[in-house]
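Some notes on the structure that comes next.
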Amino acid sequence: MSFPLLTVTAVVPAVGAVLTAAVPAARRTVAKWLALFFSLATLALAVLVAVRFEPGGDRYQLTESHAWIKDFGVRYELGVDGIGVALIALTAVLMPFIILAGWHDADQLETKNRRWRPTQGFFALILLVEAMVIISFEATDVFLFYVFFEAMLIPMYFLIGGFGDRAHSGADEKAAAQRSYAAVKFLLYNLAGGLIMLAAVIGLYVVAGNFSLQEIAAARADGTLDMATNTERLLFLGFFFAFAVKAPLWPLHTWLPNAMGESTAPVAVLITAVVDKVGTFAMLRFCLGLFPEASKWATPVIIVLALISIIYGALLAVGQRDIKRLIAYASISHFGFIVLGIFAMTSQGQSGATLYMVNHGISTAALMLVAGFLISRRGSRLIADYGGVQKVAPVLAGTFLIGGLATLSLPGLAPFVSEFLVLVGTFARYPVAGIIATVGIVLAALYTLVLYQRTMTGPVPEKIRAMPDLRVREVLVVAPLIVLLIGLGVYPKPLTDIVNPAVEHTMSDVKQTDPKPEVPVRDAAVEAKNGEAAK
């Protein structure tokens with residue numbers, strides 16, 4: 001038997017979560033270092049997965065398949081394509097920075113009660129989420145994917161409600177109620193989507209007789225599985241609804257601003273840069289892979305929803321007074337671009353959407369983590385409480401600016417490449433949608449530059465004068481993310497080489513080809529006349 005690399009990549013952070021949770025109460029520093037060690041070990045394994053993956057090889061590689069629940073045709077079946085490799089790498093890269101950024105986030109909850117170990121619990125839950133997200137990117141059995149798609153909600157619920165942001169809101173009953181509300185809203189929205197998806201998963205089994213993504217796709221291709229049109233559309237809607245909640249896509253997005261606003265900055269990054277990517281990834285792998293005809297049938301409506309997300313999220317970001325909620329609404333706008341690229345049904349659009357998932361994760365992590373460092377110093381999320389920060393903390397202001405410029409997709413930074421490809425792919429098939437989507441770029445520049453101007457420039461308020469600049473640990477968190485933003489912005493080829501073959505397979509699933517550019521046909525008689533005149 002070959003080495004089960006994919007299983008080990010998912011199991012290592014799970015083992016790390018168990019060991020971190022078991023650290024004695026008096027040794028919370030040991031728990032922190034243990035969590036960091038296991039996140040780095042997972043990163044090493046993710047790099048090995050990327051190295052062993054052959055972009056020109058089979059669609060799904062490093063595969064594993066074992067019987068799990070034989071009576072129902074459920075298998076423990078794993079495999080990765082280029083899109084999965086890219087998102088596993090994103091998850092593994094971000095996790096050490098999330099842990100470093102949250103190094104002291106649970107310290108404020110420490111008590112003399114030895115049974116309550118918040119530091120150990122906080123980092124154990126983060127590692128547990130990492131394990132579940134990674135195996136979601138690896139699963140090629142629909143039921144296996146569903147189990148972890150839903151299971152990750154539990155640790156996220158406790159991270160939002162139990163370890164929420166106290167730097168701004170405090171520890172009183174009202175603040176605790178707000179954190180509890182945000183956690184419950186997150187859970188209920190995603191559970192509702194999951195329950196509808198469960199009905200669709202059961203329906204898929206009734207129709208196909210198994211849960212294997214590869215077997216179902218092969219049966220669809222050779223004609224041995226022929227779904228009725230209405231059946232396929234209903235199953236598609238069940239899957240898509242759950243993924244649209246997770247994404248989040250308008251109008252199923254309202255849980256995100258609450259969840260990100262009441263979470264600590266590292267947990268907010270975990271939500272939008274890691275967990276939410278499972279939704280958009282699943283649209284590519286499961287919606288388009290299992291239900292190609294229904295995907296094309298639903299495309300016009302989904303494109304409209306994506307455009308609403310882009311404009312609506314950006315407009316609400318412009319009007320925000322809360323830094324974290326502004327970043328949350330900006331993320332809703334960015335997820336609209338991702339969904340637009342997926343359902344533009346062009347290779348440029350889908351490649352851009354996949355790159356957007358990666359680049360948005362990095363840029364949002366950089367911006368949100370620096371915002372978290374800023375908020376922890378002032379104790380407020382309100383934009384009006386800041387000003388002149390660049391005069392007293394230039395490194396903090398500079399990194400905040402780079403994160404903001406990446407968010408508005410400045411050329412030379414990674415998100416520009418992905419946004420450009422999404423727009424090119426959309427213009428090729430839906431030019432009106434492409435024109436509308438470009439409004440989101442203008443609005444992104446507006447909310448980003450206004451945020452920077454109001455927080456970092458102008459007179460220095462009294463409470464800002466003593467604000468310290470970034471510390472060594474904080475620089476170690478932000479600097480590598482900025483290097484990635486610049487590196488992938490200047491030279492994205494290593495990522496596109498991995499992603500493009502997977503996109504070609506997805507385009508083949510839905511039987512779509514890129515539209516040919518419209519070249520004006522020149523009249524032969526006119527050409528001949530022009531030729532004679534030239535002589």
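Just so you know, residue 1 is the first one in the sequence shown, and it goes up from there.
Partners of F97 under the ring-ring contact (aromatic ring centres under 6.0 Å, His included) rule, at least two apart in sequence or in another chain, do not exist in this structure. For F123, there are no ring-ring contact (aromatic ring centres under 6.0 Å, His included) partners two or more places apart in sequence or in a different chain. The ring-ring contact (aromatic ring centres under 6.0 Å, His included) test applied to F281 returns F137, not counting sequence neighbours. For F240, the ring-ring contact (aromatic ring centres under 6.0 Å, His included) criterion is met by F236, F343, not counting sequence neighbours.
The side chain to side chain donor-acceptor pair (under 3.5 Å) contacts involving residues 487-497 comprise K493-D497, where partners must be two or more places apart or lie in separate chains. Note on residues 459-469: pairs passing side chain to side chain donor-acceptor pair (under 3.5 Å), not counting sequence neighbours, are E462-R465. Evaluation of the side chain to side chain donor-acceptor pair (under 3.5 Å) test over residues 86-101, restricted to residues two or more places apart or in two chains, returns none. Applying the side chain to side chain donor-acceptor pair (under 3.5 Å) test to pairs two or more places apart or on separate chains, those with a residue in residues 7-24 are T7-E64, T7-Y76. Counting only residues at least two apart or on different chains, the ring-ring contact (aromatic ring centres under 6.0 Å, His included) pairs with a member in residues 357-403 are H334-H360, F335-H360.
Although no hydrogens or angles enter the test, the distance criterion places a donor-acceptor pair under 3.5 Å between the side chain of K391 and the main chain of G458. In terms of modelled atom types and a separation under 3.5 Å, the side chain of R454 and the main chain of G387 share no donor-acceptor contact. A donor-acceptor pair under 3.5 Å is absent between the side-chain atoms of S351 and the main chain of Q348, judged by distance alone. Although no hydrogens or angles enter the test, the distance criterion places a donor-acceptor pair under 3.5 Å between the side chain of R285 and the main chain of A139. A side-chain donor-acceptor contact under 3.5 Å links K277 to the backbone of T272. The main-chain N or O of Q350 is found under 3.5 Å from a side-chain atom of T354 such that the two form a donor-acceptor pair.
Proximity of I441 to L423: side-chain heavy atoms (C-beta onward) are separated by under 4.5 Å at one or more points.
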Show me, pair by pair, the donor-acceptor contacts under 3.5 angstrom made by side chains of residues 402-414, not counting sequence neighbours?
unit_1 : atom_1 : unit_2 : atom_2 : d
T407   : OG1    : G403   : O      : 2.9
S409   : OG     : E419   : OE1    : 3.1
S409   : OG     : E419   : OE2    : 3.4

In residues 472-484, what donor-acceptor pairs under 3.5 Å come from side-chain atoms, sequence neighbours left out?
unit_1 : atom_1 : unit_2 : atom_2 : d
R473   : NH1    : L100   : O      : 2.7
E474   : OE1    : R377   : NH2    : 2.7
E474   : OE1    : R471   : N      : 2.9
E474   : OE2    : R377   : NH1    : 3.2

Identify every side-chain donor-acceptor pair in residues 34-46 under 3.5 Å, counting partners at least two apart or on other chains, and give the distances.
unit_1 : atom_1 : unit_2 : atom_2 : d
S39    : OG     : L36    : O      : 2.7
T42    : OG1    : F38    : O      : 2.8

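Shortest non-hydrogen contact noted between K32 and I99 is O-CG2, 4.4 Å.
Between the side chains of Y356 and T280, no donor-acceptor pair of N or O atoms lies under 3.5 Å. With hydrogens and angles left out, the side-chain atoms of Y181 and E262 include no donor and acceptor closer than 3.5 Å.
Under a 4.0 Å N-O distance rule, the pair D276/K246 does not qualify as a salt bridge.
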